[in-house]
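All of these numbers come straight from a predicted model, not from anything done at the bench.
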Amino acid sequence: MPPAYEAFYVRYSDPPAIPAFILVRPQMGENIGAASRAMWNFGLDHMRIVAPRDGWPNPAAVAMASGAGRLLDEAKLCADLPDALADCDFVFATTARSRDLTKPVFSPEAAMVETRRRIAAGQRVAVLFGPERAGLENDDIARANAIVSVPVNPAFASLNLAQCVLLMGYEWMRGGDAVVAVEDGLAGTEWASGQEVEHLAAHYEERMEAAGFFYPAHKEVSMKVNLRNMWSRMALTRADVQMLHGMMRQMVRWKERD
């Protein structure tokens, strides 16, 4: 067994937990390098390269990889698409153009959800990306099980190779458990407790009452209720509470100096 093939066999003898991204007849080394960067941005490092126009290895690809060169070192070079797909159980083909082929068409998001489902079931999944000039040919897509169609401007549907790889990598990462849709950036502080907010509200009420704010008398109760309601609506951190306490203390000191 040739050393290069043996290394590939050992590494992928078990189905990997990520899809293989297969670049079919890529034309420019710079785009291959940029694609490797896009993959590694989202934790993907299983690249296969089919018949690159300018040969392999490619110095331009290495220069463009900028930190993701390991993907290029470990990429499998394939003579043709059947070789690249020999061990794959399910294959997606990316294309922005309508095709005269009867196949299920997935959005990028749905395709990566399906990819995760199939990988979890023990299958090997691959995603095909076509050459820069015209994308995948019908003969390439005929070997895929499904199509991934990117919703783009129909008047300008062409995507750069690395852009398409980046988009699919992003959808792969977005479907993982590690991605939180919305989170609070607390910048070293914590949310204020109910007791801390209550203490702040009492501090302001006390000082504002001393200043004669609650006037006229018949509106005092409703004004205090509205003030408490305002504090309860505000999402305050401990740092916010400390600052607001400090603001009130400083205003009182300034008034007392006068």
query = Do NZ/NE/NH1/NH2 and the carboxylate oxygens of R124 and D89 come within less than 4.0 Å?
reply = no
remark   = Value for CG (D45) from CZ (R70), rounded to nearest 0.5 Å, stands at 4.5 Å
Pairs of donor and acceptor atoms involving the side chains of residues 161-171, under 3.5 Å and at least two apart or interchain, shall be tabulated with distances.
unit_1	atom_1	unit_2	atom_2	d
Q163	OE1	N160	N	2.9
E171	OE1	R174	NE	3.1
E171	OE1	R174	NH2	3.1

request  = Please go through F156's hydrophobic cluster and name the other residues, only I, L, V, M, F, W, Y counting, with side-chain heavy atoms under 4.5 Å joining them.
outcome  = none
ask   = Can you find a pair of side-chain heavy atoms, one from V125 and one from C88, that are under 4.5 Å apart?
value = no
ask   = Can you say whether the rings of F92 and F106 are parallel (under 30°), tilted (30 to 60°) or perpendicular (over 60°)?
value = perpendicular
K103 atom NZ, over 12 foreign heavy atoms within 6.0 Å = yes
inquiry  = Quick check: closest heavy atoms across W172 and M112, and the distance to 0.1 Å?
reply    = N-CG, 3.5 Å
task = Group every Ile, Leu, Val, Met, Phe, Trp and Tyr by side-chain heavy-atom contacts under 4.5 Å, then state whether F129 and M64 land in the same group.
result = no
inquiry  = Are the side chains of M28 and R53 in contact, using a 4.5 Å heavy-atom criterion?
reply    = yes
ask   = L23 versus V50: any side-chain heavy-atom pair under 4.5 Å?
value = no
remark   = Heavy-atom closest pair (I22 atom, A84 atom, distance to 0.1 Å) is CD1-O, 3.9 Å
remark   = Excluding M234, membership of its hydrophobic cluster (Ile, Leu, Val, Met, Phe, Trp, Tyr; side-chain heavy atoms within less than 4.5 Å) reads V197, L200, Y204, M208, F213, F214, M223, L227, M230, W231, L236, V241, M243, L244, M247, M248, M251, V252
query = So, for L72 and A61, which heavy atoms are closest and what is the spacing to 0.1 Å?
reply = CD1-O, 3.4 Å
Closest non-hydrogen atom pair, P131 against L136 = CD-N, 4.2 Å
query = If Ile, Leu, Val, Met, Phe, Trp and Tyr residues are connected whenever their side-chain heavy atoms lie under 4.5 Å apart, and connections chain through other members, are M39 and I119 in the same group?
reply = yes
key: Interatomic spacing from CG in L159 to OG1 in T94 - rounded to 0.5 Å   = 8.5 Å
key: Euclidean distance, T189 OG1 relative to Q242 CD, rounded to 0.5 Å   = 7.0 Å
message = Between L128 and T95, is the side chain to side chain contact (heavy atoms under 4.5 Å, CB included) condition met? List the steps.
response = CA-CA 9 Å; L128 304 182; T95 179; over 6 Å; no
request  = Could you go through the side chain to side chain contact (heavy atoms under 4.5 Å, CB included) check for R228 and E198 one step at a time?
outcome  = CA-CA 9 Å; R228 290 296 181 114; E198 178 68 21; 2.6 Å; yes
Nearest heavy-atom neighbours spanning I141 and A93 = CG1-CB, 4.1 Å
inquiry  = So does Q27 get a backbone contact from the side chain of E132, meaning a donor-acceptor N/O pair under 3.5 Å?
reply    = yes
ask   = Between A65 and S36, which heavy-atom pair has the shortest distance, and what is it?
value = CB-OG, 3.5 Å
message = Any non-hydrogen side-chain atom of V91 less than 4.5 Å from a side-chain atom of R143?
response = no
task = Quick one: list whatever passes salt bridge (charged side-chain N to carboxylate O under 4.0 Å, His left out) with R238, sequence neighbours left out.
result = E190, E196
key: Side-chain heavy atoms of K76 within contact of I49, under 4.5 Å   = no
message = Looking at Q195, I want to see if its CD is surrounded by more than 12 non-hydrogen atoms of other residues, nucleotides or ligands under 6.0 Å.
response = no
message = Per the salt bridge (charged side-chain N to carboxylate O under 4.0 Å, His left out) rule, what does the pair list look like for residues 23-42, sequence neighbours excluded?
response = R25-D140
message = So, using salt bridge (charged side-chain N to carboxylate O under 4.0 Å, His left out) as the criterion, who are the partners of K224 when residues are at least two apart?
response = E205, E209, E220
key: Nearest-0.5 Å distance, CG of residue N226 to NZ of residue K219   = 11.0 Å
ask   = Side-chain contact, heavy-atom cut-off 4.5 Å: H203 with R249?
value = yes
query = Are V62 and M47 co-members of a hydrophobic cluster defined by side-chain heavy atoms under 4.5 Å apart?
reply = yes
query = Within a strict 4.5 Å, meaning less than it, do heavy atoms of the I32 and W56 side chains meet?
reply = yes
ask   = Within a strict 4.5 Å, meaning less than it, do heavy atoms of the H199 and H245 side chains meet?
value = yes
